[in-house]
Amino acid sequence: MPPLDHAAAPATALRQIRQLPGPFALPIIGNALQVRLPRIHRDVEGWVRRYGPLMRAWFGRTLVLVVADSEAVSAVLRDRPDGFRRPLSSYTISVEMGGIPGLFLAEGGEWRNQRRMVMAGMAPGAIKAYFPALVTVAQRLQRRWHLAATQGKAIDLDGDLKRYTVDIIAGLAFGTAVNTLESGEDVIQRHLDAILPAVARRSLSMVPYWRYFKLPVDRRLDRDVAALDVAVADLVRQARTRLERDPARRVRPPNLLEAMIAAADEAGSGVDDRAVAGNVLTMLLAGEDTTANTISWMIYLLQSNPHTLAKAREEVRRLAPDAAHFTLAQMDSLDYLGACASEAMRLKPVAPYIPLEALRDTVVGDVAVPAGSMLWCVMRHDSVSDAHFPDAQAFKPERWLAGNAEASDKRAAMPFGAGLRTCPGRYLALLEIKIAMAMLLGSFDIAGVDTPDGGEAQELMGFVMSPIGLTMRLAPPQ
């Protein structure tokens, strides 16, 4: 099998993974004692700064190639699904938990079949048709925050923004009105909030103890997964009933779930209701935490940079001042706000690493990678390097604006991945971010964004990378 194009090297120059520099590893447990799961991404980033962008580590008995060079990472990501896949262990954990793998974990022909189905519902045209519903959810959030502002209460950003994204994703995916912002917790959200930490914990566990005995937390997880499966299966049945009663919905499906069912029912689709259910769950899993945490980080970074906050606020109040009358054209015109989102994702990517498994013998950089090798792609290395982004540690949205003279290698930042497996929800996520931020900056002044200890926001690695305990105080606009 030929080497990856980006890094062709003479055969005599190839290094072996074992020969690479890396931290000292103990027998059996490897480097396990040198990383802490809640901040494993930071620990590995620290190794890269010490040992270089191609290094080795031992996760237990598993030898891992850590790849932090952005060109090498991009080439690896673009060699999916044929050359690399999500680790088989991730798929196995999902199946063990009773989950139904969707697009995120599907591979090969199964992935291609599901990709067509999901893209039918996630295309910009489908999202644009759903735009009024997005604005409706943003107005609920506006009312909730207005009440907090008038009562002088601090806002829990994590909780409120997760409700915002759940209401959007559930409405888009299911075609049913979910209103956690005003009516409280949704049953699906409750189970997701229990399942997501377990997915992260098991994926990074060195010993799969749950295969031999189960702790109380594992038994609770079993109950949450079973209840979630029942809830999603019921949603699929309801959608099929609507399609049977009104065949015209198949021609122009009003929501993602019905679009996926219609696509699955086409001859030769290779997709059944099980795959549909899996992708409904994938939408919720991928859409709740990722977008909510990106907005949290963006609010924190803007508040930490008052000049930038003032520019974003001025743009919103000039071009899209009233959340009750938001239009797509207005959202498209908010170039500086979009640049703020890109800069927040560069500095605080919610997916700071991507684990992969090689499906064939290949080459990464000047390193020979046998089939079955494990890779740890570091997504935040070149993207925060002065060699790629001048003054890289600074929050400078201007670097993302068209016509900006500052030379930056924007390809080094890949918040949505790269290649065929680029996140299909990219357009929806960016639109959700713009709508929420335009509502916030147009309707309120930010009086403060606070951390639990009054210092810098700390990063917590769970299912995604999130800020710890951010709260926000609002005031009426001046």
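Using modelled atom types, one side-chain atom of Glu315 and one backbone atom of Leu337 make a donor-acceptor pair closer than 3.5 Å. Remark: the backbone N or O of Pro23 is paired with a side-chain donor or acceptor of Arg56 at under 3.5 angstrom. Between the side chain of Glu45 and the backbone N or O of His381, no donor-acceptor pair lies under 3.5 Å. Checked by atom type and distance alone, the side chain of Thr150 pairs as donor or acceptor with a backbone atom of Leu147 at under 3.5 Å. Panel note: side chain Ser74, backbone Ser70; no donor-acceptor pair is recorded below 3.5 Å. Between the side chain of Arg346 and the backbone N or O of Ser383, at least one donor-acceptor pair lies under 3.5 Å. The main-chain N or O of Arg36 is found under 3.5 Å from a side-chain atom of Asp43 such that the two form a donor-acceptor pair. Distance alone, capped at 3.5 Å, is enough to place a donor-acceptor pair between the Tyr164 side chain and the Glu432 backbone. The backbone N or O of Phe24 sits less than 3.5 Å from a side-chain atom of Gln34, completing a donor-acceptor pair. Judged by distance alone, the side chain of Glu343 and the main-chain N or O of Trp400 form no donor-acceptor pair under 3.5 Å.
By the 30° and 60° cut-offs, the orientation of the rings of Tyr209 relative to Phe213 is tilted. Using a 30° and 60° split on the angle between ring planes, Phe444 and Trp145 fall in the perpendicular class, above 60°. Between Trp376 and Phe59, the angle of the ring planes goes over 60°, which puts this pair in the perpendicular group of the 30/60° scheme.
With values rounded to the nearest 0.5 angstrom, Leu460 atom CG is found 9.0 Å from Asn293 atom CG. Expressed to the nearest 0.5 Å, how far CG of Leu26 lies from CH2 of Trp58 amounts to 12.5 Å. One finds the CG atom of Leu474 at 4.0 Å from the CD1 atom of Ile155 (value rounded to the nearest 0.5 Å). The distance from the CE atom of Met465 to the CE atom of Met379 is 12.5 Å, given to the nearest 0.5 Å. Arg411 CZ to Glu71 CD: the interatomic distance, rounded to the nearest 0.5 Å, is 6.5 Å. The line from CZ of Phe416 to CE of Met345 is 4.5 Å long, rounded to the nearest 0.5 Å.
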Yes or no on salt bridge (Lys or Arg N to Asp or Glu O under 4.0 Å) for Arg219 and Asp222, after CA distance, side-chain angles and deciding distance? CA-CA 5 Å; Arg219 290 191 288 273; Asp222 289 343; over 6 Å; no

Arg220 and Asp224: salt bridge (Lys or Arg N to Asp or Glu O under 4.0 Å), yes or no, with the steps? CA-CA 6 Å; Arg220 286 196 299 272; Asp224 284 311; over 6 Å; no

For a side-chain contact (heavy atoms from CB on, under 4.5 Å) check, start with the C-alpha distance between Asp382 and Asp409, then their side-chain angles and the critical distance, and finish with the verdict. CA-CA 9 Å; Asp382 285 357; Asp409 182 10; over 6 Å; no

Leu221 vs Trp210, test: side-chain contact (heavy atoms from CB on, under 4.5 Å). Steps then yes/no. CA-CA 11 Å; Leu221 174 63; Trp210 57 89; over 6 Å; no

Leu470 and Thr451: CA distance, side-chain angles, deciding distance, side-chain contact (heavy atoms from CB on, under 4.5 Å) verdict: CA-CA 5 Å; Leu470 288 187; Thr451 61; 3.7 Å; yes

side-chain contact (heavy atoms from CB on, under 4.5 Å) between Asp366 and Leu54, intermediate numbers included: CA-CA 9 Å; Asp366 64 346; Leu54 290 170; 3.9 Å; yes

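For the pair Val350 and Asp289, the minimum side-chain heavy-atom distance is 4.5 Å or more. Residues Pro477 and Arg317 meet the side-chain proximity criterion, which asks for heavy atoms closer than 4.5 Å. Side-chain contact check for Ile435 versus Met439: every heavy-atom pair is 4.5 Å or farther apart. When side chains are defined from C-beta on, Lys348 does not count as touching Thr294, because their heavy atoms never get closer than 4.5 Å. When side chains are defined from C-beta on, Phe84 counts as touching Thr362, because their heavy atoms get closer than 4.5 Å. Counting heavy atoms from C-beta on, the side chains of Val316 and Tyr336 never come closer than 4.5 Å. A 4.5 Å side-chain heavy-atom check between Tyr51 and Val66 finds every atom pair outside the cut-off. The shortest side-chain heavy-atom distance between Ile169 and Leu428 falls under the 4.5 Å cut-off.
Scanning all heavy atoms of the two residues, the minimum distance from Pro397 to Thr308 falls at CG-CG2, 3.5 Å. For Ser296 against Leu161, the heavy-atom pair with the smallest separation is OG-CD1, 3.3 Å. Of all non-hydrogen atoms in Val48 and Met55, the two that sit nearest each other are N-SD, 3.8 Å. Asp335 approaches Asp332 most closely through the heavy-atom pair OD1-O, 3.5 Å. Taking each heavy atom of Ala429 and Thr291 in turn, the nearest pair found is CB-OG1, 3.8 Å. Between Leu302 and Cys340, the shortest heavy-atom distance links the atoms CD2-SG, 3.9 Å.
In Leu215, the CG atom is crowded: over 12 heavy atoms of neighbouring residues, nucleotides or ligands sit closer than 6.0 Å. No more than 12 heavy atoms of other residues, nucleotides or ligands shown are found within 6.0 angstrom of CD on Glu456. Residue-environment remark: NZ (Lys153) stays at or below the threshold of 12 foreign heavy atoms within 6.0 Å.
Look at Asp158 and Lys162 and you find a salt bridge, because one of the NZ, NE, NH1 or NH2 atoms lies within 4.0 Å of a carboxylate O, short of that distance.
A cation-pi arrangement, defined by a distance under 6.0 Å to the six-membered ring centre and an angle within 45 degrees of its axis, is absent between Arg399 and Phe389.
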